[in-house]
Amino acid sequence: NASIPSVDLAPLVRTRAGLPFNESTLGADIARIQSLYRQRGFAAVNVSPQIDRRDAQAGVAPVRVRLEVAEGVRSVIQSVSFEGNAAVDTDTLRKTIATAQGHAYFEPQIAADADDLALLYLNRGFQEIIVQPRPTAIGDGSAVDLKFSIHEGLQILIDHVLIVGNDRTRRETILREVQLKSGPPLSQQQEGETRTRLTALGLFRRVDISYLQLPGE
């Protein structure tokens, strides 16, 4: 462990001298160490246990555990770019994600960034949005160019909001809770808030929100 000192790794290890040896506990220790390394850009890290079992004495078998770390190459983001974004400018996209130039390459964070970009588009009416991260390793993999490929699809705008099935509840009562309005793009966030607010009224057995495409659209 040349890159991460033992003092940082020790709190992750539950296997301790004097405690009963448990392989499941050791496996969890290894998983935590590898997770820390991957968060810091060591995607190919491997931690292997070396277990030395001694002869039993007085009913106790001593075990020496050694964890050997093969760190591999640390990958750092060299650049972040976007392609296919016509409706949303690059600066807005860049502010939406956490990954930036100089950060460690960490796949779970990049996947979360892709989800955040997709949510940004969904809240702007792009219901067919597809965001795909495309990392490219440079040389030995210590540098990575990260590109997000974006397929926006069509933007859906709300033309009319129709209320149906309200036999006992006034239309005005329902509309006060509806966050979807005529004119703006169809927002996933506003749809969720509408469903929550209508359900919270306690007046309905079920709340369904569906979309009807206008003829010729």
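Since this is a predicted model, take the numbers as computed values, not measurements.
Put simply, the side chain of T173 never gets that close to the backbone of T169: no donor and acceptor are under 3.5 Å apart. Side-chain atoms of N46 do not come within 3.5 Å of backbone N or O of A70 as any donor-acceptor pair. Within the 3.5 Å criterion, the main-chain N or O of R124 finds no donor-acceptor partner in the side chain of S187.
Counted within 6.0 Å of CZ on R16, heavy atoms from surrounding residues, nucleotides or ligands total more than 12; the atom is thus considered enclosed. Annotation: E172, atom CD; neighbour count of heavy atoms from other residues, nucleotides and ligands within 6.0 Å is above 12. Heavy-atom neighbours of R14 CZ from other residues, nucleotides or ligands within 6.0 Å: above the threshold of 12.
In this structure, a donor-acceptor pair under 3.5 Å is absent between the side chains of T99 and Q109. Side-chain polar atoms of T92 and D89 form a donor-acceptor pair below 3.5 angstrom. In summary, the side chains of Q34 and R32 do not present any donor paired with an acceptor at a separation below 3.5 Å, with no hydrogens or angles considered. Neither side chain, N22 nor T15, offers a donor N or O lying under 3.5 Å from an acceptor on the other. There is no side-chain donor-acceptor pair under 3.5 Å between S210 and D208.
You'll find the side chain of Q78 stays beyond 4.5 Å of the side chain of V144, heavy atoms only. Annotation: side chain of V80 is in contact with side chain of I97 (closest heavy-atom distance under 4.5 Å).
The pair R197-E193 does not count as a salt bridge, with every side-chain nitrogen at least 4.0 angstrom from each carboxylate oxygen. Between R170 and E177 there is no salt bridge, since none of the side-chain N atoms of the basic residue sits less than 4.0 Å from a carboxylate O of the acidic one. Between D145 and K147 there is no salt bridge, since none of the side-chain N atoms of the basic residue sits less than 4.0 Å from a carboxylate O of the acidic one.
In terms of heavy-atom proximity, E71 sits nearest to Y37 at OE2-OH, 2.7 Å.
A side-chain contact (heavy atoms from CB on, under 4.5 Å) with Y211 is found for one member of I158, L186, I156 and no other, namely L186.
Between Y121 and F126, the ring planes lie perpendicular to each other; the angle is over 60°, past the 30° to 60° tilted range.
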